There are 2 protein chains.
Amino acid sequence: MEAERTKQKPCPVKVTVDLISGKWKPNILYCLLDRTQRFGELQRQIPGISRRILTLQLRELERDQLIIRMAYSEPIKVEYALTEYGRSLVPILLTMRDWGEVYLARHEQQPVFMS
Amino acid sequence: MEAERTKQKPCPVKVTVDLISGKWKPNILYCLLDRTQRFGELQRQIPGISRRILTLQLRELERDQLIIRMAYSEPIKVEYALTEYGRSLVPILLTMRDWGEVYLARHEQQPVFMS
DNA sequence: CAGGATCCGGCGAGATACTG
DNA sequence: CAGTATCTCGCCGGATCCTG
């Protein structure tokens with residue numbers, strides 16, 4: 001271990017992108033932007049995702065400290081929310097959301113190219 | 001075609017993330033943030049990437065209109081730069097770069113968890 | 001110098017079935 | 001309700017060699 005003294009530091013943009021990429025992570029983070037959500041709610045709001053994959057993606061986000069899992073026994077349920085650390089990504093997520101909406105508006109009428 | 005009237009609109013965050021994710025796209029965009037770069041320069045600045053993969057990633061970014069390819073014959077060379085459209089992503093990229101640098105500073109000393 | 005052509009392997013994601 | 005256990009597959013990315 002500790003080899004490669006010439007180890008050059010990773011690209012900071014890549015570091016950030018890697019944490020939020022993954023097939024369904026953007027959707028999950030988008031859903032958690034404004035409120036805490038239950039497992040089932042997330043699954044319903046993300047059409048096409050299976051419980052298994054949703055679980056895996058949530059586990060990774062949790063491992064990276066971006067979200068937190070809260071299990072309750074009273075009414076049996078599990079809730080997910082952004083952590084304080086995850087909240088530091090909110091500005092980025094909001095900007096990406098806005099950018100993406102412009103992108104979608106631009107592409108929904110024009111099938112391929114823009115005017 | 002034109003099926004599914006109940007087609008619900010894609011997650012705008014995912015749309016944006018998808019355009020800039022891909023194994024090496026964050027690195028490429030990071031390199032093109034402040035200046036135009038030649039193919040060889042990009043390859044040298046992104047250790048570990050092969051010419052083939054670099055080409056493929058560049059082609060995708062070009063197809064998505066985020067970068068432009070400029071080939072010259074005089075001194076034979078090819079330059080890549082962000083398009084005007086790609087420049088609209090700069091604020092996001094800069095914020096991600098800053099966030100990533102904080103992340104790296106936080107993780108370089110502490111192998112696993114923070115204090 | 002900046003690619004294209006081929007071949008190949010791994011890993012993330014999906015389908016399905018079972019459970020505390 | 002919110003998972004876990006298997007099995008499977010496609011495709012993205014990598015290695016290597018060739019070229020205008």
Side-chain angles (χ1 to χ4, degrees), chain A residues 4 10-11 13-32 35-64 66-82, chain B residues 4 10-11 13-32 35-64 66-82:
Chain A
E4 309 182 30
C11 171
V13 174
K14 179 167 175 51
V15 164
T16 308
V17 172
D18 282 352
L19 285 177
I20 66 179
S21 58
K23 186 101 180 260
W24 304 97
K25 286 183 188 173
N27 305 71
I28 294 171
L29 294 171
Y30 176 72
C31 289
L32 294 180
R35 62 187 181 89
T36 292
Q37 299 238 47
R38 298 182 50 178
F39 183 88
E41 289 179 311
L42 288 172
Q43 196 185 6
R44 251 173 281 115
Q45 287 177 59
I46 307 176
I49 196 174
S50 68
R51 271 178 305 211
R52 184 179 113 79
I53 298 302
L54 177 55
T55 300
L56 289 179
Q57 300 274 300
L58 287 169
R59 290 282 177 277
E60 289 188 18
L61 289 170
E62 191 189 3
R63 178 205 55 187
D64 294 333
L66 297 183
I67 66 172
I68 186 173
R69 193 186 102 112
M70 299 166 292
Y72 301 95
S73 303
E74 184 49 19
I76 174 173
K77 66 174 178 179
V78 176
E79 289 186 341
Y80 290 92
L82 291 179
Chain B
E4 310 183 31
C11 170
V13 174
K14 179 166 176 50
V15 164
T16 309
V17 172
D18 283 352
L19 286 177
I20 66 179
S21 59
K23 185 102 179 258
W24 304 97
K25 287 184 189 173
N27 306 71
I28 294 171
L29 294 171
Y30 175 72
C31 288
L32 294 179
R35 62 187 183 90
T36 291
Q37 299 238 44
R38 297 182 51 178
F39 184 87
E41 288 179 311
L42 288 172
Q43 195 184 6
R44 251 173 281 115
Q45 288 176 59
I46 307 176
I49 196 174
S50 69
R51 272 183 306 231
R52 183 180 112 81
I53 298 302
L54 177 55
T55 301
L56 289 179
Q57 300 274 299
L58 287 168
R59 290 283 176 277
E60 289 188 18
L61 289 170
E62 190 188 4
R63 178 204 56 188
D64 295 333
L66 297 184
I67 67 173
I68 185 172
R69 192 187 103 114
M70 298 166 292
Y72 301 95
S73 302
E74 182 51 20
I76 173 172
K77 66 174 179 179
V78 177
E79 290 185 342
Y80 290 92
L82 291 179

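Below, chains carry the letters A, B, ... as their sequence lines are ordered, and counting in each starts from 1. Given the structure is predicted, the values throughout are model-derived calculations rather than measurements.
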Interatomic distance where [atom1] belongs to [X] and [atom2] belongs to [N] [whole Å]:
X	N	atom1	atom2	answer
A:L54	C:dA15	CG	P	14 Å
A:K23	C:dC11	NZ	C1'	14 Å
A:R38	D:dA2	CZ	C1'	9 Å
B:E74	C:dA2	CD	P	15 Å
B:Q43	D:dA15	CD	C1'	14 Å
B:I49	D:dA15	CD1	P	11 Å
A:L58	D:dG3	CG	P	7 Å
B:E79	C:dC1	CD	P	15 Å

Judged by nearest nucleotide, the residue sitting upstream toward the 5' end of DNA chain C, A:G22 or A:R51, is A:G22

query: Going through the checks in order, is the salt bridge (Lys or Arg N to Asp or Glu O under 4.0 Å) test met by A:R35 and A:E41?
result: CA-CA 11 Å; A:R35 62 187 181 89; A:E41 289 179 311; 3.7 Å; yes

Are the side chains of [Y] and [X] in contact, using a 4.5 Å heavy-atom criterion?
X	Y	value
A:I28	A:Y80	no
B:I49	B:Q43	yes
A:R59	A:R69	yes
B:L32	B:L42	yes

Nearest-nucleotide pick for [X], side chain only, options being [options]:
X	options	result
B:I53	D:dG14, D:dA2, C:dC1	D:dG14
A:V78	C:dG3, D:dG14, D:dG3	D:dG3
B:R52	C:dT6, D:dA5, C:dG3	C:dT6
B:I76	D:dG20, D:dC1, D:dC18	D:dG20

Verify the contact: side-chain N or O of [X] to OP1 or OP2 of [N], cut-off strictly under 4.0 Å; return yes or no.
X	N	answer
A:R69	D:dA2	no
A:R59	D:dT4	yes
B:Q57	D:dG13	yes

Report task. Would you classify B:T55 as touching base, sugar-phosphate or nothing, given that sugar-phosphate means primed atoms plus P, OP1 and OP2, and contacts are heavy atoms under 4.0 Å? Result ->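 Touches sugar-phosphate only.
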
Quick one: label A:Y80 by what it contacts on the DNA or RNA (base, sugar-phosphate, nothing), any heavy atom closer than 4.0 Å. sugar-phosphate

